[in-house]
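In what follows, chains are A, B, ... by sequence order, proteins preceding strands, each numbered from 1. Nothing here was measured: the structure is a model prediction, and the numbers come from that model.
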There are 2 protein chains.
Amino acid sequence: MQLPESELAVMDLLWIDAPQTSEALITQLSEARGWQPSTVKTLLSRLVAKGAVRADREGRRFLYWPLWERSQCVSQATRHFLESWFGGQLTPLVAHLSQHRTLRPSERKALAKLLRDLEGTHDA
Amino acid sequence: MQLPESELAVMDLLWIDAPQTSEALITQLSEARGWQPSTVKTLLSRLVAKGAVRADREGRRFLYWPLWERSQCVSQATRHFLESWFGGQLTPLVAHLSQHRTLRPSERKALAKLLRDLEGTHDA
DNA sequence: GATCAAAGTCTACACCTGTAAACCGGAATT
DNA sequence: AATTCCGGTTTACAGGTGTAGACTTTGATC
């Protein structure tokens, strides 16, 4: 469930659209990150090896599907991040951001709205 | 400004209280993480090497001070994390947390209050 | 059927990280 | 002065990560 940076780049593409051929992934990542085809192939192998991606043979090539769900990975990464820096709490993170001007007013408003919406939706 | 997990553990102690001797750090980390004295020494060396910590000779031993500011490191780590998973935005993170029941009501309330407070404090 | 090209597998290699033992120099103690 | 002990420096070593070349296989083409 742990995804290093470069493997994440591959997963991100598969989460946007699946299945995809290595060719498609190579094209996108070559452009977006300047990676060589080999690099992408290696990453795909590693992802398949760790069970994050499934490779279905389709004729001569493979079709790659993400097996790990994005939301799962996000949860994991988020938990880890908050744990490491904010005692596992979200509030201190927001406090930090606001203290450092990193929380733009638009974001603050969006957040406030989101919280207002939640207030009703969720149970007490 | 990048701090791997284990070095962060050392910094966390120095951010709580500085300066500290290696002995003090070793004691705490031996207890908290089960690390051998050598491990802590290695981490201190690495931190000094990368300029995150200063070692001031005091008689036979050193006193260690954090040079990197916690808030700086937090900002860096946060930016990186949000960038990696949420397109650099905070709102999607909160949305994710709320969708996955990871946002306890108490946290939600604390957050709402924080945002209300900010509303006045900050400029338009 | 021989050949080519593309997709996949193996090998590589340097750097980072976690974890720690070995060693060394000087201060404290006997 | 000899010995011990403690803090600091060096060396170690395996596993993960970024990045990619070399080699292999297999369908496609001449």
At under 4.0 Å between heavy atoms, how does the protein contact nucleotides 1-14 of chain C? Give one character per nucleotide, 5' to 3', with B, S or -.
------BBB--B--
CD of B/Glu5 versus C1' of C/dC16: gap in Å, rounded?
14 Å
Could you list the donor-acceptor pairs under 3.5 angstrom formed between side-chain atoms of residues 84-92 of chain A and any protein atom two or more places apart in sequence or on another chain?
unit_1, atom_1, unit_2, atom_2, d
A/Ser84, OG, A/His80, O, 3.0
A/Thr91, OG1, B/Glu107, OE2, 2.8

Quick one, A/Ser22 with A/Phe62, criterion side-chain contact (heavy atoms from CB on, under 4.5 Å). Give me CA distance, side-chain angles, the key distance, then yes/no.
CA-CA 7 Å; A/Ser22 67; A/Phe62 281 115; over 6 Å; no
Let me know the distance between CD of B/Glu7 and C1' of C/dC16, rounded to the nearest Å.
10 Å
Please state whether the phosphate of C/dG18, meaning OP1 or OP2, lies under 4.0 angstrom from any side-chain nitrogen or oxygen of B/Ser6.
yes
When the distance from CG of A/Leu29 to C1' of D/dT19 is rounded to whole Å, what number comes out?
13 Å
Given C/dT19, is OP1 or OP2 found less than 4.0 Å from the side-chain N or O atoms of B/Trp35?
yes
In residues 68-81 of chain A, which residues come under 4.0 Å of DNA chain D by heavy atom?
none
In residues 47-55 of chain A, which ones come under 4.0 Å of DNA chain D, going by heavy atoms?
none
Non-neighbouring partners of B/Gln2 that pass side-chain contact (heavy atoms from CB on, under 4.5 Å), sequence neighbours left out
B/Gln76
Restricting to side-chain contact (heavy atoms from CB on, under 4.5 Å), what partner residues turn up for B/Leu63, sequence neighbours left out?
B/Pro19, B/Thr21, B/Glu58, B/Trp65
Nearest whole Å is fine: how far is D/dG8 P from B/Gln36 CD?
17 Å
A/Ser75: what forms a side-chain hydrogen bond (donor to acceptor under 3.5 Å, both in side chains) with it, not counting sequence neighbours?
B/His96
CG-CG distance between A/Leu103 and A/Leu111, expressed to the nearest 0.5 angstrom
6.5 Å
Quick one: salt bridge (charged side-chain N to carboxylate O under 4.0 Å, His left out) partners of B/Glu23, sequence neighbours excluded?
B/Arg61
C/dA21 C1' sits how many Å from B/Leu43 CG, rounded?
15 Å
Test: side-chain hydrogen bond (donor to acceptor under 3.5 Å, both in side chains). Region: residues 32-50 of chain A. Which pairs qualify, not counting sequence neighbours?
A/Glu7-A/Lys50
The side-chain hydrogen bond (donor to acceptor under 3.5 Å, both in side chains) partners of B/Arg104 (sequence neighbours excluded) come to none
Which pairs with one or both residues in residues 66-80 of chain A pass salt bridge (charged side-chain N to carboxylate O under 4.0 Å, His left out), sequence neighbours excluded?
A/Asp12-A/Arg70
Rounded to whole angstroms, how far apart are CD on B/Gln2 and C1' on D/dT17?
13 Å
How would you list all residue pairs meeting salt bridge (charged side-chain N to carboxylate O under 4.0 Å, His left out) that involve residues 86-100 of chain B, not counting sequence neighbours?
none
